[in-house]
Amino acid sequence: MMSYATPSELRARLGATIFAEIYPEETDASPDLESSAAEIDGAIASRYRLPVTGERSLALLRDWTLTLTEERAYARAAGSTFAEKVKERVAQVRKYLELIRAGGFKFPDAEERREGSVAFATVREPVFGRENMKGF
């Protein structure tokens, strides 16, 4: 599996001391990075060919992977609470992922899928239907 970020990039993001407290071995961070990348790939796969290879898109995906992994890292640390800024960044990344699914956000240099696209629609409960029209 491919991750968009490396353990050393995560160490730089968290700081060496915090990274070492959460991940005794540098390779211990790999599963969290891969899980974050899988979450991203799951959101973008219906729209883009994987792996994404455009430089500009990869820079954004790296940042998003690190942000999502920060959440996993802090959750892994027993008793720690997330900083509000981390929570806000994670929420923003997930908002972008939802926008990608809905077609409201596009990567500038990633190849879009042309076949097998999936469309999602949200509809209201019908006002008139068989069950509520009986007797009319």
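Note that the numbering runs from 1 along the sequence shown for the chain.
Distance check, rounded to the nearest 0.5 Å: CG of Asp28 to CZ of Phe19 gives 8.0 Å. The line from CZ of Arg72 to CD1 of Ile22 is 13.5 Å long, rounded to the nearest 0.5 Å. For the atom pair OG1 of Thr6 and CZ of Arg62, the computed distance is 8.0 Å after rounding to the nearest 0.5 Å.
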Exercise for the section: Apply side-chain contact (heavy atoms from CB on, under 4.5 Å) to Val52 and Asp41, showing your working. Expected result: CA-CA 9 Å; Val52 172; Asp41 284 348; 5.8 Å; no
Practice task
Evaluate the criterion side-chain contact (heavy atoms from CB on, under 4.5 Å) for residue pair Arg56 and Phe107; output intermediate values, then yes/no.
Solution key: CA-CA 8 Å; Arg56 294 173 66 202; Phe107 290 128; over 6 Å; no
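Contact record, Ile100 with Arg47: O-NH1, 3.6 Å, taken as the closest heavy-atom pair. What you find for Ala5 and Leu33 is that their closest heavy atoms are O-CD1, 3.8 Å. In terms of heavy atoms, Pro7 sits closest to Ser30 at CG-OG, 3.9 Å.
Around the OH atom of Tyr96, the shell of radius 6.0 Å holds no more than 12 heavy atoms that belong to other residues, nucleotides or ligands. Heavy atoms of other residues, nucleotides or ligands lying less than 6.0 angstrom from CD of Glu112 number more than 12.
By the side chain to side chain contact (heavy atoms under 4.5 Å, CB included) test, Lys95 is found to be paired with Gln92, residues two or more places apart in sequence or in another chain being considered.
Side chains of Thr69 and Asp32: no donor on one and acceptor on the other come within 3.5 Å.
Considering Thr67, Leu66, Leu61 as possible partners of Trp64, the one that fulfils the side chain to side chain contact (heavy atoms under 4.5 Å, CB included) test is Leu61.
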